[in-house]
Amino acid sequence: MWFQWSEQRDYIEATWNCGYVLASIFVLINLLGQLGGCILVLSRNFVQYACFGLFGIIAMQTIAYSILWDLKFLMRNLALGGGLLLLLAESRSEGKSMFAGVPTMGESSPKQYMQLGGRVLLVLMFMTLLHFDTSFVSILQNIVGTALIILVAIGFKTKLAALTLVVWLFAINVYFNAFWTIPAYKPMHDFLKYDFFQTMSVIGGLLLVVALGPGGVSMDEKKKEW
């Protein structure tokens, strides 16, 4: 956003007829909100506040860039929200307990449902990758991908399914979103670059699923009770 400041500002100004000043303020808030939120998350300071701030940035971008009316981009933005939900759940687990070192009877319900919501939203990314044609490779990819998506969503063999999706999505991302092969002056370079890093963010969310597990609202957890 820093290197394309004028393009971002001009787009907002032309789309919303809001004037030079308001468009510049929007781009500045967008830039600082993303940088500030990410720095706080990476430094493990005020992670919950950073997550809420990044939720706000995603919502603002969804409206400002008319993503709300583009189903593919909307689903990918929701998948980003799923990653933030998982990060928020992980930050809650690090909160200080009133009785440090004493085992608890179970996880708090809000955290369980945040993990469930995060898993369900993450799989929306993969729904945008399904190809509806009759070639053998596409049919096989759709079957395997759909099966893994369902496993993550319902929380069955979750860590293995999520790890498989990480590998699969990373390979697809490097192959289809290779923005470094396109000259920087071409518009496709920016589109592929945006898709590449957005997909990497979703991969980060899936790695949180691998690290933390599916949470209490899942088949994996219910199997322990059976």
Handout entry: Close side-chain approach of Lys193 to Phe196, heavy-atom, < 4.5 Å
Key = no
Practice task
Kindly indicate whether the side chain of Met200, heavy atoms from C-beta on, has any atom under 4.5 Å from the side chain of Phe170.
Solution key: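 SC-SC contact between Met200 and Phe170 confirmed.
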Practice task
Please confirm whether the backbone N or O of Phe197 pairs with a side-chain atom of Ser201, one donor and one acceptor, at under 3.5 Å?
Solution key: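 Checking the backbone N and O of Phe197 against the side chain of Ser201, a donor-acceptor pair under 3.5 Å is found.
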Exercise for the section: Taking Gln34 for its side chain and Asn30 for its backbone only, find out whether a donor-acceptor pair lies under 3.5 Å. Expected result: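 A pair under 3.5 Å: yes.
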Handout entry: Over 12 foreign heavy atoms within 6.0 Å of CZ, Phe52
Key = no
Handout entry: Neighbour count >12 (heavy atoms, 6.0 Å) for atom CE, Met1
Key = yes
Handout entry: Single-linkage hydrophobic cluster Val202~Val144, side-chain heavy atoms < 4.5 angstrom
Key = yes
Handout entry: Approximate separation, where rounding is to 0.5 Å, of Asp190 CG and Met188 CE
Key =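 Going from the CG atom of Asp190 to the CE atom of Met188 covers 10.5 Å.
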Practice task
Specify whether Trp5 and Trp2 have parallel, tilted or perpendicular ring planes, treating 30° as the upper limit for parallel and 60° as the lower limit for perpendicular.
Solution key: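 Perpendicular.
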Problem - Close aromatic pair by centroid cut-off 6.0 Å: Trp16 and Phe26 - result: no
Practice task
Assert yes or no for the condition that the ring centre distance of Phe73 to Tyr65 is strictly below 6.0 Å.
Solution key: no
Exercise for the section: Step by step, work out the side chain to side chain donor-acceptor pair (under 3.5 Å) result for Asp220 and Ser218. Expected result: CA-CA 5 Å; Asp220 284 344; Ser218 64; 5.4 Å; no
Exercise for the section: Output yes when Asp195 and Arg76 qualify as a salt bridge under the 4.0 Å nitrogen-oxygen rule, no when they do not. Expected result: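 Yes.
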